[in-house]
Amino acid sequence: MTAIRTPRLLLRRWRPEDLPAYAALNADPEVRRWWSAGVLTRRQSDAQAAKLQAHIEAHGFGFWAVEAPGVAPFVGFVGLQYVDAHLPVGPAVEAGWRLARSFWGLGYATEAAGAAVEYGFDRLGFREILAYAVAGNLPSRRVMERIGMRHDPDADFHHPDRPDDDPKRRHVVYRLVRNRPV
Ligand SMILES: CC(C)(COP(=O)(O)OP(=O)(O)OC[C@H]1O[C@@H](n2cnc3c(N)ncnc32)[C@H](O)[C@@H]1OP(=O)(O)O)[C@@H](O)C(=O)NCCC(=O)NCCS
């Protein structure tokens with residue numbers, strides 16, 4: 001895949017020039033509020049971007065860098081990846097998103113995620129794509145709902161890396177099943 005285009009966005013492979021903007025996004029406590037690790041250093045952020053790009057190279061899909069042509073060369077990432085094996089929802093393909101705060105409230109995440117799941121069904125042949133989030137992460141849950149995912153309460157789980165008393169331990173799972181014949 002070279003890139004996925006939507007009316008306003010381009011989902012593409014990562015470039016070295018994305019790294020400072022990705023590090024700035026990961027240094028924002030508001031963006032990172034759902035992760036127990038909190039904000040990331042530049043080094044951690046760069047390592048994470050390398051891992052995301054490695055998934056794209058290995059599998060032909062992943063959490064792509066998102067560009068808004070004419071607006072900004074990098075606004076965050078959106079895409080599909082294999083669920084981490086230590087989580088109780090896999091094996092599965094998940095949709096995920098993380099945008100810099102200045103690009104929230106514009107519908108970018110929904111626009112990119114809708115295109116990514118369509119690509120997953122039409123081009124990659126997946127039959128189901130899920131997404132999960134900390135139960136309290138309502139903006140992320142709204143993206144799931146806007147792209148047509150449905151909450152599957154039976155699949156909700158407690159994150160294995162979080163202590164019992166952590167209010168961000170409970171995760172909700174949403175699913176989208178391909179509705180067209182293969
Ligand atoms: C999750 C996240 C990507 C959602 O971003 P978002 O901007 O709220 O989501 P969208 O891009 O779909 O935009 C939807 C908002 O834009 C508004 N909007 C404006 N123009 C729009 C358009 N053309 N189309 C759709 N929505 C539009 C919608 O009304 C909606 O606003 P509302 O939530 O106040 O009702 C963002 O909050 C984020 O990066 N959070 C930190 C990282 C994170 O939590 N990632 C997910 C971990 S599971």
Side-chain angles (χ1 to χ4, degrees), residues 4-12 14 18 21-41 44-45 48-49 51-52 55 62-84 86-90 92-120 129-153 155-162 166-176:
I4 299 174
R5 283 173 196 281
T6 74
R8 295 180 294 173
L9 304 168
L10 188 62
L11 283 64
R12 55 160 177 78
W14 291 73
D18 300 329
Y22 188 52
L25 171 168
N26 283 320
D28 180 341
E30 190 58 26
V31 170
R32 291 286 305 172
R33 64 184 285 211
W34 306 106
W35 284 269
S36 42
V39 296
L40 301 184
T41 63
Q44 289 169 324
S45 176
Q48 196 177 79
K51 213 170 147 193
L52 299 181
H55 188 293
F63 282 176
W64 292 289
V66 179
E67 181 173 335
V71 178
F74 178 86
V75 302
F77 72 68
V78 174
L80 307 172
Q81 71 173 13
Y82 288 116
V83 172
D84 200 299
H86 83 301
L87 294 180
V89 283
V93 175
E94 65 163 311
W97 32 78
R98 191 185 305 169
L99 300 185
R101 215 192 313 178
S102 46
F103 301 104
W104 293 0
L106 301 172
Y108 281 178
T110 297
E111 185 171 318
V117 297
E118 201 177 292
Y119 185 88
I129 295 170
L130 57 75
Y132 62 87
V134 173
N137 189 347
L138 300 184
S140 188
R141 295 178 69 165
R142 281 199 292 271
V143 175
M144 296 171 199
E145 284 160 11
R146 280 192 287 260
I147 63 170
M149 291 186 155
R150 293 284 168 267
H151 186 197
D152 175 9
D156 290 355
F157 64 96
H158 288 119
H159 202 291
D161 301 343
R162 290 183 177 249
D166 185 339
K168 294 175 189 163
R169 188 168 176 245
R170 191 167 83 82
H171 283 59
V172 289
V173 176
Y174 283 63
R175 296 182 190 278
L176 187 58

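Starting from 1, each residue takes its place in the sequence as its number. Ligands are counted one by one from 1 in listed order, and the atoms in each one are counted from 1 as well. Note that the structure is predicted; figures quoted are calculated from it, not measured.
- Considering backbone and side-chain atoms together, Pro139 places no N or O closer than 3.5 Å to any N or O of ligand 1.
- Counting heavy atoms closer than 4.0 Å to ligand 1, residue Trp35 contributes side-chain atoms (C-beta onward) but none from N, CA, C or O.
- Remark: distances from the non-hydrogen atoms of Arg8 to ligand 1 include one below 4.0 Å.
- Distance remark: protein heavy atom present below 4.0 angstrom from atom 1 (C) of ligand 1.
- Within the set Val172, Asn26, Leu106, the minimum heavy-atom distance to atom 22 (C) of ligand 1 is found for Leu106.
- Remark: aromatic rings of Tyr82 and His55 are close, center separation under 6.0 Å.
- Under a 4.0 Å criterion applied to the non-hydrogen atoms of Ala133, ligand 1 contributes the atoms 48 (S).
- Taking each of Trp104, Trp97, Trp34, Phe103 in turn, the one with a heavy atom nearest to atom 46 (C) of ligand 1 proves to be Trp97.
- If you run side-chain contact (heavy atoms from CB on, under 4.5 Å) between Tyr108 and each of Thr6, Val71, Val143, Val66, only Val71 comes through.
- The aromatic rings of Tyr119 and Trp64 stand perpendicular to each other, their planes meeting at an angle above 60°, with 30° marking the opposite boundary.
- Note that OH of Tyr132 is 14.5 Å distant from NE2 of His151, once rounded to the nearest 0.5 Å.
- Classified by interplanar angle (parallel below 30°, tilted 30° to 60°, perpendicular above 60°), the ring pair Phe74/Tyr22 is perpendicular.
- Atom CG of residue Leu80 and atom CG of residue Leu130 lie 10.5 Å apart, to the nearest 0.5 angstrom.
- Under 4.0 Å from ligand 1, the heavy atoms of Val143 that appear belong solely to its side chain.
- Looking at ligand 1, you'll find an N or O of Gly107 within less than 3.5 Å of one of its N or O atoms.
- In terms of polar-atom proximity, defined here as any N/O pair under 3.5 Å, Thr110 does make such a contact with ligand 1.
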| After noting the C-alpha distance and the side-chain angles of Gln81 and Leu52, does the key distance pass the side chain to side chain contact (heavy atoms under 4.5 Å, CB included) rule? | CA-CA 9 Å; Gln81 71 173 13; Leu52 299 181; 4.0 Å; yes
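- Between Arg33 and Glu30, at least one side-chain nitrogen of the basic residue sits less than 4.0 Å from a carboxylate oxygen of the acidic one, meeting the salt-bridge criterion.
- Interface of Arg98 with ligand 1, defined as ligand atoms under 4.0 Å from a residue heavy atom, comprises 39 (O), 42 (C).
- Using cut-offs of 30° and 60° for the angle between ring planes, the Trp14 and Phe77 rings count as tilted.
- Of the N and O atoms on the side chains of Arg141 and Tyr174, at least one donor lies less than 3.5 Å from an acceptor on the other residue.
- For ligand 1, the atoms lying closer than 4.0 Å to a non-hydrogen atom of Gly105 are 6 (P), 7 (O), 15 (C), 16 (O), 17 (C), 18 (N), 19 (C).
- For ligand 1, none of its N or O atoms has an N or O atom of Val31 under 3.5 Å away.
- Distance check for atom 34 (O) of ligand 1: every protein heavy atom is found at 4.0 Å or beyond.
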| request: Take Phe63 and Lys51 through the test side chain to side chain contact (heavy atoms under 4.5 Å, CB included) and record every step on the way to the result. | output: CA-CA 10 Å; Phe63 282 176; Lys51 213 170 147 193; over 6 Å; no
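- Listed by number with element, the atoms of ligand 1 under 4.0 Å from a non-hydrogen atom of Tyr132 are 48 (S).
- The residue among Arg101, Arg142, Arg146 with a heavy atom at the shortest distance from atom 30 (C) of ligand 1 is Arg146.
- Close contacts of ligand 1 with Ala109, meaning ligand atoms under 4.0 Å from a residue heavy atom, involve 3 (C), 9 (O), 10 (P), 11 (O), 12 (O).
- For ligand 1, the atoms lying closer than 4.0 Å to a non-hydrogen atom of Tyr108 are 11 (O).
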